[in-house]
Amino acid sequence: MMLTALGLMSGTSLDGVDVALIETDGRQIKAFGPSGYRPYTEGERSLLRQALTEAVHLSQRDARPGILRQAEQAVTTAHAEAVASFTAQHRISAQDIDIVGFHGQTVLHRPERRLTVQIGDALALAKVIHIPVMHDFRAADVEAGGQGAPFVPVYHRALVQSLNREGPIVVVNIGGVSNITYIDGTDTLIACDTGPGNALLDDFMFRQMHQPFDTAGKFAALGKPDEAWIAQALKLPFFALPPPKSLDRNDFASLKLGAVAPADGAATLTAFTAAAIARIVPLLPKRPKSWIICGGGASNLTMLRMLRERLAPATVEPAEALGWAADAIEAQAFGFLAARGMKGLPLSYPATTGVPIPMTGGIIARP
């Protein structure tokens, strides 16, 4: 039975809420619907940055001390507004949607402590939008000893199966953190975080230039990467670990560039993201033949150029070139995962998160 699912995603880059409609049975994609975006205001971003700082001290996943409760209310309101705007724009009624997949906003990810925290009040959201909401996708995986990330590989596999292309194929999502899905036929699915995505670069641009990100990589294109700094950073133990492995957005926040020209700093951090992605190649079963880039990093032309240089002779192309809606893929994925969760299908596997057995997940909040 096909379901109409609305996916909602707010990533670690803190840019806003992505919305996407998808028709699926949780195995195959029957049709893509429209997608939308509700940016966070600067005040909301500031609140979320404070929440990330305070969340470091959390020991219980349902605790919301201090600023975290205020941040959760802001996240819930932003998502409710995103759904209302989307459904009004596309003239979709609540009765037309079977399930909403609500990821929430990750403020802490510490799987080694069996702890992952996504803020957002699913029950309040369900009551406002009058649609059942599936949430808490990662908790069961982490409680069972998995990494709880990345969580989009099963959707990447569904997308790649429609390409009819020889593997291995890697789908790279460059959000706040970068992660990969390695697909080779129908049997081999491997996934992991690879290192920083846009988080270090975005934070640098905000500090240095008071801009939320480096639009199209234009600023980094003016600078020169510090290859010695990148080589030193790649010696951190994380990069030698085999998949599966995952990261918190702030795991590399302690890395300091020192006194560099702003353009050189942006170039170095962009190149660091590309180098960290390329660093996964020796840890995969076979060298990939093609790489498909999605997420915010797919819009960074300097990032794409650096990836092509480091991943040659494999092809590197943005997801948009294949007709995929690159900015909507993660939102589509959480619609897809909500459909899988409703059918009791696995959301994660031993080779994607390190969980002992394939795990389903998600909890439904009803209006």
Side-chain angles (χ1 to χ4, degrees), residues 11-16 18 37 39-40 42 45 170-180 193-234 236 239 247 249-250 252-253 255-281 288 290-322 324-330:
T12 49
S13 53
L14 309 180
D15 52 352
D18 291 309
Y37 175 63
Y40 283 136
E42 192 44 57
R45 281 196 196 100
V170 174
V171 180
V172 187
N173 178 62
I174 306 177
V177 168
S178 291
N179 57 66
I180 60 117
D193 288 347
T194 59
N198 298 315
L200 288 180
L201 177 61
D202 289 352
D203 291 349
F204 177 82
M205 290 297 294
F206 183 74
R207 287 194 309 271
Q208 295 287 327
M209 308 299 294
H210 305 292
Q211 296 176 17
F213 51 86
D214 182 12
T215 305
K218 290 177 181 176
F219 200 64
L222 302 173
K224 182 181 179 183
D226 184 341
E227 294 294 345
W229 185 92
I230 293 167
Q232 188 64 34
L234 288 173
L236 288 168
F239 296 107
L247 292 165
R249 182 190 189 278
N250 291 327
F252 297 103
L255 290 174
K256 303 299 180 190
L257 282 171
V260 294
D264 291 343
T268 299
L269 293 175
T270 305
F272 179 35
T273 294
I277 292 167
R279 179 68 179 80
I280 200 68
V281 173
S290 58
W291 298 71
I292 301 165
I293 316 300
C294 54
S299 302
N300 186 319
L301 302 181
T302 303
M303 184 91 71
L304 289 174
R305 173 176 60 79
M306 291 176 171
L307 284 167
R308 288 187 178 109
E309 291 168 356
R310 293 176 186 271
L311 297 170
T315 61
V316 175
E317 60 199 315
E320 295 279 1
L322 301 171
W324 298 357
D327 292 337
I329 284 176
E330 280 203 289

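Atoms considered below: every heavy atom in the structure, side chains included; atoms not considered: hydrogens, waters and symmetry mates.
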Can you check whether [X] reaches [Y] side chain to side chain, under 4.5 Å on heavy atoms?
X      : Y      : value
Tyr40  : Arg45  : yes
Asn173 : Glu330 : yes
Trp229 : Leu255 : yes
Pro262 : Met209 : yes

- Task: Output, in order, the C-alpha distance, side-chain angles, deciding distance and verdict of side-chain contact (heavy atoms from CB on, under 4.5 Å) for Asp15 and Tyr37.
- Result: CA-CA 10 Å; Asp15 52 352; Tyr37 175 63; 3.6 Å; yes

- With sequence neighbours excluded, tell me which residues meet side chain to side chain contact (heavy atoms under 4.5 Å, CB included) with Leu322.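 Leu322 satisfies side chain to side chain contact (heavy atoms under 4.5 Å, CB included) with Leu163, Arg165, Ile292, Glu317, Trp324 once adjacent residues are dropped.
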
- CG on Asn179 to CG on Asp193, rounded to 0.5 Å: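 Answer for the CG-CG pair, Asp193 versus Asn179, is 5.0 Å.
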
- Item | Reported CZ-to-CZ distance for the pair Phe219 and Phe204, which is rounded to 0.5 angstrom |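 Going from CZ on Phe219 over to CZ on Phe204, the span is 7.0 Å.
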
Run the side-chain donor-acceptor check on residues 263-276: report pairs under 3.5 Å with partners two or more places apart or on a different chain.
residue: Asp264; atom: OD1; partner: Lys224; partner atom: N; Å: 2.8
residue: Thr268; atom: OG1; partner: Asp226; partner atom: N; Å: 2.9
residue: Thr268; atom: OG1; partner: Asp264; partner atom: O; Å: 2.8
residue: Thr270; atom: OG1; partner: Ala266; partner atom: O; Å: 2.7
residue: Thr273; atom: OG1; partner: Pro196; partner atom: O; Å: 3.3
residue: Thr273; atom: OG1; partner: Gly197; partner atom: O; Å: 2.8
residue: Thr273; atom: OG1; partner: Leu269; partner atom: O; Å: 3.4

Donor-acceptor pairs under 3.5 angstrom involving side-chain atoms of residues 294-314: please list them, not counting sequence neighbours.
residue: Asn300; atom: OD1; partner: Thr302; partner atom: N; Å: 3.1
residue: Asn300; atom: OD1; partner: Met303; partner atom: N; Å: 2.8
residue: Thr302; atom: OG1; partner: Gly217; partner atom: O; Å: 2.6
residue: Arg305; atom: NH1; partner: Glu309; partner atom: OE2; Å: 3.2
residue: Arg308; atom: NE; partner: Val316; partner atom: O; Å: 3.0
residue: Arg308; atom: NH2; partner: Val316; partner atom: O; Å: 3.1
residue: Arg310; atom: NH2; partner: Glu227; partner atom: OE1; Å: 3.2
residue: Arg310; atom: NH2; partner: Glu227; partner atom: OE2; Å: 3.2

- Query: Is a side-chain donor or acceptor of Asn198 paired with a backbone partner of Gly175 at a separation under 3.5 angstrom?
  - Reply: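 The answer is yes, because a donor-acceptor pair under 3.5 Å joins these two groups.
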
- Message: Using side-chain contact (heavy atoms from CB on, under 4.5 Å), reason through Phe252 and Leu236 one step at a time and then give a plain yes or no.
- Response: CA-CA 10 Å; Phe252 297 103; Leu236 288 168; 3.7 Å; yes

- Message: Using every non-hydrogen atom in the two residues, find where Glu42 and Phe206 come nearest and quote the distance to one decimal.
- Response: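 Minimum heavy-atom contact is OE2-CE1, 3.9 Å.
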
